Amino acid sequence: MLAEQELYGLDIARRLTADGVLLASEGTLYPLLARLRKAGLVDTSWQESVEGPPRRYYALTADGTESLAAFKRTWKPFRDAVDTALQGGVT
């Protein structure tokens, strides 16, 4: 999601909980975002909101973009291996 645009934490949580599978609760998201920030993979900025207090927005850094590209390269082979194993085959 952050590859496309910067997002407010609650917007990220809503998108990830929409299917009820990717994220069980918002309480798990914010520690993850903090770890990504500390690792230099996302930057944050505070923006004023017409709906209340300022909001923290998250955006990918250059390192975050590189990390995402590396993940994408390894995801399909990993997913395929798991699917094969679940079907009782050999990877």
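In this text, all values refer to a predicted model and were calculated from it rather than measured experimentally. By convention here, the first residue in the shown sequence is residue 1.
Thr17 pairs by the side-chain contact (heavy atoms from CB on, under 4.5 Å) definition with Leu23, not counting sequence neighbours. Remark: Glu51 pairs with Arg55 by the salt bridge (Lys or Arg N to Asp or Glu O under 4.0 Å) rule, at least two apart or across chains. Residues that satisfy the side chain to side chain donor-acceptor pair (under 3.5 Å) test with Glu6, not counting sequence neighbours, are Gln47. Residues passing the side-chain contact (heavy atoms from CB on, under 4.5 Å) test with Ser67, sequence neighbours excluded: Leu41. Residues meeting the side chain to side chain donor-acceptor pair (under 3.5 Å) test with Lys76, sequence neighbours left out: Asp80. Every residue two or more places apart in sequence or in another chain was checked for a side-chain contact (heavy atoms from CB on, under 4.5 Å) with Glu4, and none qualifies. With sequence neighbours excluded, no residue forms a salt bridge (Lys or Arg N to Asp or Glu O under 4.0 Å) with Lys38. With sequence neighbours excluded, the residues that form a side-chain contact (heavy atoms from CB on, under 4.5 Å) with Leu86 are Val82. By the ring pair (Phe, Tyr, Trp, His ring centres under 6.0 Å) test, Trp75 is found to be paired with Phe71, Phe78, residues two or more places apart in sequence or in another chain being considered.
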**Request:** Show the numbers, then the answer: is there a side-chain contact (heavy atoms from CB on, under 4.5 Å) between Asp11 and Met1?
**Result:** CA-CA 10 Å; Asp11 289 335; Met1 288 178 268; over 6 Å; no

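Here the closest non-hydrogen pair linking Pro53 and Ser49 is O-CB, 3.5 Å. Nearest heavy-atom pair across Leu29 and Gly9 is CD2-O, 3.6 Å.
Rounding to the nearest 0.5 angstrom, the gap separating the OG1 atom in Thr65 from the CG atom in Leu60 is 4.5 Å. In this structure, the separation between OG1 on Thr61 and CG on Asp43 is 6.0 Å, given to the nearest 0.5 Å. Put simply, CG on Leu33 and CG on Leu7 are 10.0 Å apart, with the number rounded to the nearest 0.5 Å.
Residues in residues 18-59 take part in these ring pair (Phe, Tyr, Trp, His ring centres under 6.0 Å) pairs, two or more places apart or across chains: Tyr8-Tyr57. For residues 56-72, no residue pair satisfies the salt bridge (Lys or Arg N to Asp or Glu O under 4.0 Å) rule, not counting sequence neighbours.
Side-chain contact between Ile12 and Leu2 is present, with at least one heavy-atom pair separated by less than 4.5 Å.
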